[in-house]
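The structure appears right after this line, and notes come after that.
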There are 2 protein chains.
Amino acid sequence: MKNLSVVKASHGRAFAVRAGDHIRIATPAGTQVSDTWAFAANDLHEHLSMDHTRSVNSNIFVDLGTRLVSNHRRLMMTVVEDTTPGHHDTLLCPCSSEIYRELGGPADHRSCTGNLHDALDEIGLKVSFTPASLNLFMNVPVASDGSVDRLPPRSVAGDSVVLRAEMDLTLVISACPQDITPINGDARTPTDLHIEIWPGDAS
Amino acid sequence: MKNLSVVKASHGRAFAVRAGDHIRIATPAGTQVSDTWAFAANDLHEHLSMDHTRSVNSNIFVDLGTRLVSNHRRLMMTVVEDTTPGHHDTLLCPCSSEIYRELGGPADHRSCTGNLHDALDEIGLKVSFTPASLNLFMNVPVASDGSVDRLPPRSVAGDSVVLRAEMDLTLVISACPQDITPINGDARTPTDLHIEIWPGDAS
């Protein structure tokens, strides 16, 4: 029996996962970016690292088979299933209150950075820094001159990514609140993410 | 009168700079990568951020004119001069003891990550995390499939980059100790960096 959880649109949530667990992150609407972080269960200073993940995989994108590693080069998760065209973003920062201020949004606009810290706070944890996020479903192509674009997701309704946890982790998932740019689809309407977690020996 | 400092090959050093100061980072040999960090002088939790810098400039490379921003989106430095072909790397992690272990190097191999923390320690500062580094002179082209290569620098002897500090900063520069891959040139021999700092109203 899989355990279905909802990460509400524009909100974040933390999950305790064990080595061997599988985590399906699904976008029912097909257009919702998942800003994603992981921390070693026993050490919040060991975190999923985008710069080390790019280094280990010699690639700027996350795709089926990508090894997601920590700042100490330990394998945290592996991408074991992906129904999307792939090329999930590792390059751009999680949105933050400062970004919504730049964009002319309201002062109390929710953000992925805020969601990370709120989600950790809800389970009694705290980090004093914000690691770069893995941005699942986020479509940021890079041109030959290095310029990046911010396009709607290429995923479709019901698409999902499955990650296998390779160590005990605190996973944080934020259903990105961005409603000013089209990064969550042309409708600019954040939607829920569905999370299923099941042990490695079940199916 | 400019103030010339040497960052010795494979070592790091911290510099206190004031808003308006110019900082020239030169590679006399032409082949030395400078892993570069900055922190707000009054708050070590505000640091130069590669993911926010890529976002603000909508580009993965650092070049003449690039605005180098903090995790709070404040402008920390601007690239005001560059004698190299540019496209300085923002993608790959600073080297670390774990990386040299992967590469079969000695257990006590120096690293840019170690140099950052040692350099801060020398001036009585400490951070519990390692921000992604700005890798000046580092040549990491990205192919259309997202794969990255690690090539020798395209700079030549005496090349330099000048940064203008836009706020009071603690700057840390590491002359990358990498001597196993050709990232510091085909000779795989780390060399000194020369640093000049002068106020904005001098020349």
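Values reported hereafter were calculated over all heavy atoms of this structure, with side chains retained and with hydrogens, waters and symmetry mates removed. Proteins get letters first, then strands, A, B, ... in listed order; numbering begins at 1 in each.
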Taking atom CZ of B:R188 as the centre, does the number of heavy atoms from other residues, nucleotides or ligands within less than 6.0 Å exceed 12?
yes
Among the listed options A:N71, A:I99, A:T113, the residue most often paired with chain B at heavy-atom distances under 4.5 Å:
A:I99
Heavy-atom pairs under 4.5 Å with chain B, option from A:L92, A:V142, A:T130, A:D149 with the top count:
A:L92
Structural part of B:P141 lying under 4.5 Å from a heavy atom of chain A:
neither
Against chain A, label B:R101 side chain, backbone, both or neither, depending on which of its atoms sit under 4.5 Å from a heavy atom there.
neither
With a 4.5 Å limit on heavy-atom distance, are the side chains of A:T90 and B:L91 in contact?
no
Between A:S96, A:S128, A:A132, A:P131, the one whose heavy-atom pairs under 4.5 Å with chain B are most numerous:
A:S128
Heavy-atom pairs under 4.5 Å with chain B: which of A:R150, A:H87, A:R73 has the most?
A:R73
Sorted by number, residues from residues 26-62 of chain B in contact with chain A (heavy atoms, under 4.5 Å):
B:H45, B:D51, B:H52, B:R54, B:S55, B:S58, B:N59, B:I60, B:F61
